[in-house]
Amino acid sequence: WKSRGQIREGSEHLRHLLESQPDDQSRQTPAYAGALNAAGALAYFGADFSFSEQVRKSALEVFRTLDDKVGIANCLNGLGNVAISQAHYESARSYYEEGLGIRKELDDRWGMARLLANLGLLAYFQVDYVRAQCLHLESITLFKELKDEEGIASELNNMGDVARRQ
């Protein structure tokens with residue numbers, strides 16, 4: 001839905017699906033938690049930060065119950081994005097750092113690169129340009145190892161923004 005510019009339509013479909021779950025048992029599954037997180041992502045892209053935070057916290061709770069580390073890390077990243085968008089920087093840092101720890105535990109290099117990039121953006125918004133540059137350099141190193149051209153390009157752009165401010 002996001003790629004087609006149909007964020008509102010996607011959000012409505014997901015909300016209906018989530019509300020139609022009959023009982024608590026069906027709400028304690030990876031699929032349900034994934035749908036919650038997806039609804040949170042669409043709400044985030046539609047700038048409905050309150051709803052995004054609400055459903056992502058619910059998804060996080062389910063993923064923690066299931067001990068689904070990938071799901072937990074995905075939710076933490078999304079919650080960090082919501083927090084940073086509202087200038088709740090300490091919350092964003094907490095979410096991103098917890099997610100980074102999980103990605104390291106899983107040896108998920110792409111996930112680590114994304115979270116380092118987000119921590120770099122956080123440092124940039126907090127006017128800590130030296131830290132931002134270091135985090136973006138660490139992120140781009142991982143993206144280069146992974147041959148992720150989109151990640152490399154994004155980090156080069158972020159590093160350019162930092163250099164412009166220094």
Side-chain angles (χ1 to χ4, degrees), residues 1-123 125 135 138-139 142-143 145-151 153-155 158:
W1 288 301
K2 178 186 174 236
S3 64
R4 294 185 205 146
Q6 298 172 331
I7 293 170
R8 184 171 302 181
E9 179 184 341
S11 292
E12 289 172 11
H13 282 297
L14 279 171
R15 283 183 195 208
H16 176 71
L17 173 72
L18 294 169
E19 291 168 359
S20 70
Q21 295 302 305
D23 57 31
D24 286 343
Q25 189 69 6
S26 65
R27 294 175 185 225
Q28 297 299 310
T29 65
Y32 185 77
L36 283 170
N37 199 38
L42 288 174
Y44 172 80
F45 292 121
D48 186 350
F49 300 128
S50 177
F51 183 73
S52 180
E53 181 178 23
Q54 174 191 339
V55 294
R56 282 182 158 157
K57 282 184 175 180
S58 295
L60 180 60
E61 184 179 319
V62 175
F63 282 129
R64 285 193 196 279
T65 299
L66 298 171
D67 196 33
D68 182 329
K69 295 194 183 301
V70 172
I72 293 168
N74 287 339
C75 286
L76 290 167
N77 188 59
L79 284 165
N81 292 343
V82 170
I84 204 171
S85 295
Q86 299 176 91
H88 299 156
Y89 297 139
E90 289 311 309
S91 293
R93 178 186 316 283
S94 177
Y95 289 131
Y96 289 150
E97 287 180 350
E98 183 181 352
L100 181 60
I102 293 169
R103 296 295 187 185
K104 286 180 178 180
E105 179 184 328
L106 297 172
D107 196 32
D108 175 358
R109 300 180 72 68
W110 188 86
M112 292 181 336
R114 285 282 11 120
L115 281 158
L116 288 165
N118 287 345
L119 283 164
L121 290 172
L122 174 62
F125 292 142
L135 288 161
E138 196 174 345
S139 175
L142 289 171
F143 281 131
E145 289 174 10
L146 297 166
K147 297 178 177 37
D148 182 328
E149 293 179 1
E150 186 177 323
S154 177
E155 285 307 276
N158 289 335

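In this structure, F143 and R114 have side chains that are in contact, with non-hydrogen atoms separated by less than 4.5 Å. The closest side-chain heavy-atom distance from L122 to Y89 is below 4.5 Å. L121 is listed as a side-chain neighbour of N118, based on a closest heavy-atom distance under 4.5 Å.
Here K104 contributes atom NZ and M112 contributes atom CE; the two are 7.0 Å apart, rounded to the nearest 0.5 Å. Taken from CD in E155 to CG in L142, the straight-line distance is 10.0 Å, to the nearest 0.5 Å. I84 contributes atom CD1, which lies 13.0 Å from atom CG of L79 (distance to the nearest 0.5 angstrom).
Contact record, L66 with Q28: CD2-O, 3.5 Å, taken as the closest heavy-atom pair. Taking both residues in full, the closest heavy atoms of P30 and D68 are given as CB-OD2, 4.5 Å, listed atom of the first, atom of the second, then distance. The two atoms that bring R103 and D108 nearest to each other are NH1-OD2, 2.7 Å, heavy atoms only.
With S139 contributing its side chain and L135 its backbone, the two residues share no donor-acceptor pair below 3.5 Å.
Of the charged side-chain nitrogens involved, none lies within less than 4.0 Å of a carboxylate oxygen, so that K69 and E98 do not count as a salt-bridged pair.
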Practice problem: List the steps and the verdict of side-chain contact (heavy atoms from CB on, under 4.5 Å) for L76 and Y96. | Solution: CA-CA 6 Å; L76 290 167; Y96 289 150; over 6 Å; no

Exercise. With side-chain hydrogen bond (donor to acceptor under 3.5 Å, both in side chains) as the test, would you mind laying out the steps for N81 and Y95 before giving the verdict?
Key: CA-CA 9 Å; N81 292 343; Y95 289 131; over 6 Å; no

Quiz prompt | E61 and R64: CA distance, side-chain angles, deciding distance, salt bridge (Lys or Arg N to Asp or Glu O under 4.0 Å) verdict | solution = CA-CA 5 Å; E61 184 179 319; R64 285 193 196 279; over 6 Å; no

Self-check item: Trace of the side-chain contact (heavy atoms from CB on, under 4.5 Å) decision for L119 with E97
Solution: CA-CA 8 Å; L119 283 164; E97 287 180 350; 4.1 Å; yes

With a cut-off of 3.5 Å and sequence neighbours excluded, list every side-chain donor-acceptor pair involving residues 50-60.
residue : atom : partner : partner atom : Å
S52     : OG   : G40     : O            : 2.7
E53     : OE2  : K57     : NZ           : 3.2
R56     : NE   : N37     : OD1          : 3.2
R56     : NH1  : G78     : O            : 3.1
S58     : OG   : Q54     : O            : 3.2

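Annotation: salt bridge (Lys or Arg N to Asp or Glu O under 4.0 Å) contacts of E149 (sequence neighbours excluded): none.
By the 6.0 Å contact criterion, CD on E150 is open, its count of non-hydrogen atoms from other residues, nucleotides or ligands being 12 or less.
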